[in-house]
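Here's the structure, in C-alpha cells; my notes come after.
Basis for what follows: all heavy atoms, side chains included, without hydrogens, waters or symmetry-related copies.
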Amino acid sequence: MIVAVLGAGQLGRMLALAGVPLGMKFRFLSTSPGACAGDVGEVVVGPRFDDEDSIKRLVKGEADIVTYEFENIPARAIEVAARYAPVLPGALALTLAQDRVDEKNFFRSIDIKTPDFHAIATRHDLDAAADAVGCPFVLKTRRFGYDGKGQRVIKSRDELDSAWEALGAHEGGLIAERFIRFDRELSVIGVRSSRGETAVYPITQNVHRDGILHTSFAPAPDLSADLVERANAIVTRAMHEMDYAGVLAIELFEVGGDLLVNEMAPRVHNSGHWTIDGAQTSQFENHIRAITGLPLGPTSMRPGIAHAGMLNLVGDHPPVSKLLTVPGARVHLYGKAPKPGRKVGHLNFGAASESAVRASMEAAGTMLPR
Ligand code: AMP
C-alpha cells in the first residue's frame, strides 16, 4: 500500500515511521527541498500543494490514499488530489479548521461550547467586537495562524488602532475572542476509521510557552470521570458530524469545570506525541489505520506506563549523546536544522507514577537551551 502525504515535515515523518512496519510505503509533497520526511520516504518537490502536475507526480497513479499533515494547505489541493486517489480526512474538516470563525460556528451548531467571539472585517467591526466581547480579548487572524502567530491580547481600547495596523490587512479577516482565564489547557485526541470505528486517547494536559507547546502530560492530572466523558463526547460528536476519518485533535480550555473548544486540528497533533511511547497504539499508527480502513488499535496507556509526558525541543537541542543520558527519556529528533521557534524534536517519558515522569522531565529541562 502506498500512502501519499501533502506536506513533508515531522508529522509526515512520524506517520511513515508508524506505517512502514505495517508494510506501507510513503511519498510526500513538499514546496521546498530538504524536508525532514525525506529520511523515511520519497519527497516530490513542487511549487504549490494545489499544483496539478505536482499532485500527479505524488500519486503517480499508484497511491492508495492521500492524507495531509498540516491544515494550511489550500483546500483546492484536496480537490485536485481527489481526482487521482481518495483523500482522508476529507475537505470539510480541513476547510472548517482553516477558519476560526467557521470552526467555532460549527462547534456551536452541534451544541459544543467555545469562547465568545466576534468576526471582524473592518476597523468599525473591531470597535463592535470590543463592545461585544469586552476587554481584554484575543485578536487573531481567522486564517493561517499557528503556534500563537497572528494573534495578540488587547487589554484596552487604546490598543485597537495599533492592532488594526498590525493585523487588519490580513487576508480572510480577524476574530476577537473573549480572553479566557482558563484553569488549564487540555486536548482530546480521537480517531475514527473510514469504517466508522472510533476511539479516544487519554485526555492530555498541555502547557504552552511563547505560544508554542512546551509540555504535555497524559492522562491529565485530577480528571473526573464526568470531565473525561464530556471531552470524549466532544471529539466523538465532532468526528461523527463531519463523517471524519483519521485522527482529530481538539484543544480545550478547562474553566470552572466547563470545557470550551479553542480549536481543532484535522490531523495528528503535537499534544499526542506522547502516544508513540505511552499508548498501546500511537496516534500516527491509528491515523494510518483509520484512513486505510484497517481496524483501530487500542488507545489506552501501555502496560507499566500509568503516566506519560512529552517535552518539546524547540529551536535547537543538545547532542543526542547528551539527550540519551536523561533517565527514562525516549528521544525523537526530526532531522531539522536549528532555527528559533522551530520544533526540532521531542522527548517522551513514561512511568508508573506522575512524580517519576515529572522528575525526569525536570532533569531534561535543565539541559535544554531556554
Ligand atoms: P491558538 O493559536 O488559538 O491555539 O492559541 C495559542 C495559545 O494562546 C493557546 O494555546 C492559549 O494558551 C492562548 N489562547 C488562545 N486563545 C485564547 C483565549 N481566547 N483566551 C485565553 N488564551 C487564549
Side-chain angles (χ1 to χ4, degrees), residues 3 5-7 11-12 14-15 18-19 65-73 75 78 86-100 102-114 146 185-204 206 213 216 218 220 228-253 259-276 279 281-300:
V3 180
V5 184
L6 299 166
L11 300 180
M14 290 185 274
L15 284 171
I65 187 86
V66 178
T67 191
Y68 46 90
E69 57 122 50
F70 74 124
E71 62 271 29
N72 283 340
I73 53 166
I78 289 200
V87 184
L88 290 174
L92 174 62
L94 180 76
T95 48
L96 286 175
Q98 284 181 341
D99 187 307
R100 293 182 189 275
D102 293 347
E103 185 180 49
K104 287 190 171 59
N105 280 329
F106 163 69
F107 280 105
R108 291 189 163 206
S109 75
I110 58 171
D111 295 324
I112 292 172
K113 290 182 189 166
T114 73
Y146 66 97
E185 291 191 83
L186 301 172
S187 56
V188 59
I189 297 179
V191 56
R192 183 171 184 265
S193 81
S194 55
R195 302 189 306 184
E197 188 188 354
T198 62
V200 182
Y201 284 94
I203 313 299
T204 304
N206 303 305
L213 183 64
S216 296
V228 172
E229 199 178 300
R230 281 186 286 137
N232 288 0
I234 287 172
V235 73
T236 305
R237 176 97 199 261
M239 293 191 297
H240 175 76
E241 293 289 338
M242 295 188 289
D243 194 18
Y244 191 83
V247 162
L248 178 72
I250 299 185
E251 295 181 24
L252 302 163
F253 298 138
L259 291 175
L260 306 180
V261 170
N262 174 32
E263 62 179 358
M264 69 172 167
R267 54 167 169 81
V268 285
H269 193 254
N270 197 166
S271 70
H273 287 3
W274 65 267
T275 63
I276 299 175
T281 316
S282 78
Q283 62 164 348
F284 299 97
E285 181 174 334
N286 259 341
H287 182 79
I288 296 299
R289 290 186 187 214
I291 61 172
T292 56
L294 292 170
L296 299 181
T299 47
S300 41

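- Two residues are said to be in side-chain contact when any heavy atoms from C-beta on lie closer than 4.5 Å; Leu252 and Leu260 fail this criterion.
- Smallest separation of non-hydrogen atoms from Ile276 and Ser282: CA-CB, 3.7 Å.
- At least one side-chain heavy atom of Leu88 sits under 4.5 Å from a side-chain heavy atom of Ser194.
- Within the model, atoms CZ of Phe70 and CG of Leu11 stand 10.0 Å from one another, a figure rounded to the nearest 0.5 Å.
- No side-chain donor-acceptor contact under 3.5 Å links Thr236 to the backbone of Ala233.
- Taking all atoms of both residues into account, the shortest heavy-atom contact from Ile112 to Val261 is CG2-CG2, 3.5 Å.
- Taking both residues in full, the closest heavy atoms of Phe106 and Ser109 are given as O-OG, 2.6 Å, listed atom of the first, atom of the second, then distance.
- Of the inter-residue distances, the one linking Arg100 atom CZ with Glu263 atom CD reads 5.0 Å to the nearest 0.5 angstrom.
- Here the CD atom belonging to Gln283 is positioned 8.0 Å from the CG atom belonging to Leu15, to the nearest 0.5 angstrom.
- Within the structure, every pair that satisfies the side-chain hydrogen bond (donor to acceptor under 3.5 Å, both in side chains) test and touches residues 284-299, not counting sequence neighbours, is listed here: Thr67-His287, Tyr201-Asn286, Glu285-Arg289.
- Here Lys113 contributes atom NZ and Arg108 contributes atom CZ; the two are 10.5 Å apart, rounded to the nearest 0.5 Å.
- Here His273 contributes atom NE2 and Met14 contributes atom CE; the two are 3.5 Å apart, rounded to the nearest 0.5 Å.
- Closest of all the heavy-atom pairs between Phe284 and Ala18 is CB-CB, 3.7 Å.
- Residues Val235 and Ile189 are not in side-chain contact: their nearest non-hydrogen atoms beyond the backbone lie 4.5 Å or more apart.
- Formation of a donor-acceptor pair under 3.5 Å by the Gln98 side chain with backbone atoms of Ile73 is found in this model.
- A heavy-atom distance below 4.5 Å is not found between the side chains of Glu251 and Asn206.
- Interatomic distance, Met264 CE to Lys104 NZ, rounded to the nearest 0.5 Å: 10.5 Å.
- The two residues Val191 and Ala290 have their closest heavy-atom pair at CG2-CB, 3.7 Å.
- Side chains of Pro89 and Arg192 form no contact here, defined as non-hydrogen atoms less than 4.5 Å apart.
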Would Val228 and Val188 count as a side-chain contact (heavy atoms from CB on, under 4.5 Å) if you check the C-alpha gap in whole Å, the side-chain angles of each, and the deciding distance to 0.1 Å? CA-CA 9 Å; Val228 172; Val188 59; over 6 Å; no
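- Remark: side-chain polar atoms of Ser193 are paired, donor with acceptor, to backbone N or O of Glu197 under 3.5 angstrom.
- Remark: Thr95 pairs with no residue by the side-chain hydrogen bond (donor to acceptor under 3.5 Å, both in side chains) rule, at least two apart or across chains.
- Smallest separation of non-hydrogen atoms from Tyr68 and Pro266: CE1-O, 3.5 Å.
- Glu71 pairs by the salt bridge (charged side-chain N to carboxylate O under 4.0 Å, His left out) definition with Arg267, not counting sequence neighbours.
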